[in-house]
There are 2 protein chains.
Amino acid sequence: MSGSRLRDVAARAGVSIRTVSNVVNGYAPVAATTRERVERAVQELDYRPNVLARSLKRGRSGMLALVVPELDVPYFSELARAIITQARLNGYTVVIDQTDGDAGRERELILRSSRAAVFDGVLLSPVALSAADISEHNPSVPIVLLGERIAASPFDHVAIDNVSAAREVTEYLFSIGRRRLAAIGDQPYETGETAQLRTQGFREAHISAARELDERLIVGCPHFHRSEGARAMSALLDGGGPTPDAVFCYNDLLAVGALRVMLSRGIRVPEDIALVGFDDIEEVRFTTPSLTTIAPDKTRLAELALQRLILRINTQDFSGPEELFVSHRLIVRESTTHGRQ
Amino acid sequence: MSGSRLRDVAARAGVSIRTVSNVVNGYAPVAATTRERVERAVQELDYRPNVLARSLKRGRSGMLALVVPELDVPYFSELARAIITQARLNGYTVVIDQTDGDAGRERELILRSSRAAVFDGVLLSPVALSAADISEHNPSVPIVLLGERIAASPFDHVAIDNVSAAREVTEYLFSIGRRRLAAIGDQPYETGETAQLRTQGFREAHISAARELDERLIVGCPHFHRSEGARAMSALLDGGGPTPDAVFCYNDLLAVGALRVMLSRGIRVPEDIALVGFDDIEEVRFTTPSLTTIAPDKTRLAELALQRLILRINTQDFSGPEELFVSHRLIVRESTTHGRQ
DNA sequence: CTGAAAGCGCTTACAG
DNA sequence: CTGAAAGCGCTTACAG
């Protein structure tokens, strides 16, 4: 039977429901013989605690919301996997919501959704929210931002150091003798602080190395999808500007699109144009050529985000939001080196 | 304030909580002026219903579990996206659990997990469960299987017709003049009925066309990952058996791995060896060459699965489990055709 | 159309 | 170590 309640178990074991509750939850010392009787009754009745009732009483649901733009974008699915795994290790369950990159939907999900009241905390990978959207919101539930930051928001934020990562990539390209670098993925500040930071690193490295930077080699992309990488690469090649000898894409998906365009035009990668991505999604270990990229420590990111969120949940103190940084490393593969195996 | 309850709203509006409940839920006719007063109070107090309490009372949580092996496998993340979207359209929220392809974990999640009691229904993409695992389980909650079937299980099952799809692929390869076809992805029956069905279709097409089939050209793969596709392709080329002029991989990820091996050896695709995958994940529209594949109607699959699950939830009648089929189509791309654009 | 009240299944001070 | 009882915040017959 699956409809048995604490009361039924208590009746069968001949004890009070208080005692059954203690046994089930492993609380308070219970006499061994009593425990045994209760456990037998639990077995016999196939008793399973009603998590809803428990949550209602405790004021905690044990559920977290993970809000991402699109679950089928590899970076997010890899992140979601890590988050779900970490959450489970900490006794939490994860509900995933998708915003489809729409600001209205994002706002609704996070700020207004009545359902939000059911979550103990929210992990948000924002894409379109601004501080203004947030200001009207008095968060009753802690929120931790993943990756993209919301300027001046009152939330904790976990990410890698985008400026240094981009600087590193750029310096690396210089170090292997490339001179005309293009960047694909710039975005206006309002919708893409992360993109801005990567552009900043790209610029800084040019300045440090005393290299000129042709502005026509910085190409914007509203979304970080493969098709946009293809479009941007075509624009770069057909735009009439200088032809780059290396391209830095702000994520791996853009690089995959750019790669396809180059190969279809008979451009050799890396001999003619070297290519670098960002994120180290599994996919780009298998492209031909395999892709040089920046690998953020996704596991650590998930760990840190959860640790911080749980801290906020337990203390219910939302003051002094912090920036937490996660390490990254440059992974060199065939798209920037001649020697293929 | 976010801590307001029905009672607070009722007090402020000067009505009973019953009336507030009616307004909030849009039940029963409420006098217009009363409604207005209540709505104002809801606004002023920023009242949000406690979903937990509602669920406890109603005996429904509004939550579904989606259990997949690995969320970061593109097929599953694309499926998850579709499922979450459909669930939301139907007023359900989705909790995702991952089994990591482990039978023990799968069993635990589905059959024993006390948490299961909180879900109104379960969507399961099984990978390792057998009917034996199920038999000890008296499902108190409806379960719908996605893709992989569990032989003799008492659950509804939504999938494409794998035998015909594989037959179609094979016939297509014959039709473009290929004669020695290899298949990558076969699995023993216990762990992979889907793989078996594809092998069956592959065989049937050979028989219909009166073509011989060299058994050495059927290569097994415990998991459908890129690295295994690479391993299998290498085995095929180095195994001493005949060299195929076409390879049918049982999913796109295997094909991606196989493609990488071929290209790294200077094998031309499709001139020397044609390549076909299965699933039509976004990734393979951007490989070079792009991949011919079978596209299951994932949206429809999600729709059907949810429709059926909700039916079971509403009727609580789990009898007469059915097989529901979703259409698929062969998408021809560069990996089987010379004319690239 | 609205109120007063029971009860969903649990947890947890409060006594003993 | 254990019991009797209140209450988490809601929904919903039952009256009126």
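Please read these numbers as outputs of a predicted model, since none were measured by experiment. We name chains A, B, ... by the order of the sequence lines, and we start the count at 1 in each one.
- Between A/V23 and A/V9, every side-chain heavy-atom pair lies at or beyond the 4.5 Å cut-off.
- Taking a cutoff of 4.0 Å between a charged side-chain nitrogen and a carboxylate oxygen, A/D120 and A/R60 do not qualify as a salt bridge.
- Exactly one residue among B/T99, B/V68, B/V67, B/L66 makes a side-chain contact (heavy atoms from CB on, under 4.5 Å) with B/S125. That residue is B/V68.
- Inter-residue side-chain proximity for B/L64 and B/V95 is flagged as unmet; no heavy-atom pair is nearer than 4.5 Å.
- Between A/L309 and A/L123 there is a side-chain heavy-atom pair separated by less than 4.5 Å.
- A close approach under 4.0 Å does not occur between any side-chain nitrogen or oxygen of B/T19 and OP1 or OP2 of C/dC1.
- At a threshold of 4.0 angstrom between heavy atoms, the contacts of B/S55 with the nucleic acid are absent.
- Here, D/dT12 and D/dG16 have their C1' atoms 16 Å apart, quoted to the whole Å.
- Nucleotide D/dA4 is matched to nothing when pairs are restricted to Watson-Crick or G-U wobble geometry with both distances under 3.5 angstrom.
- If you take atom P in D/dC14 and the same atom in D/dC10, they sit 24 Å apart, rounded to whole Å.
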What string of B, S and - do you get for nucleotides 4-10 of chain C 5' to 3' if you count protein non-hydrogen atoms under 4.0 Å? B--BBBB
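- Rounded to a whole angstrom, the distance from the P atom of C/dG9 to that of C/dA13 is 23 Å.
- The pair B/R81-A/D100 counts as a salt bridge, with a side-chain nitrogen and a carboxylate oxygen less than 4.0 angstrom apart.
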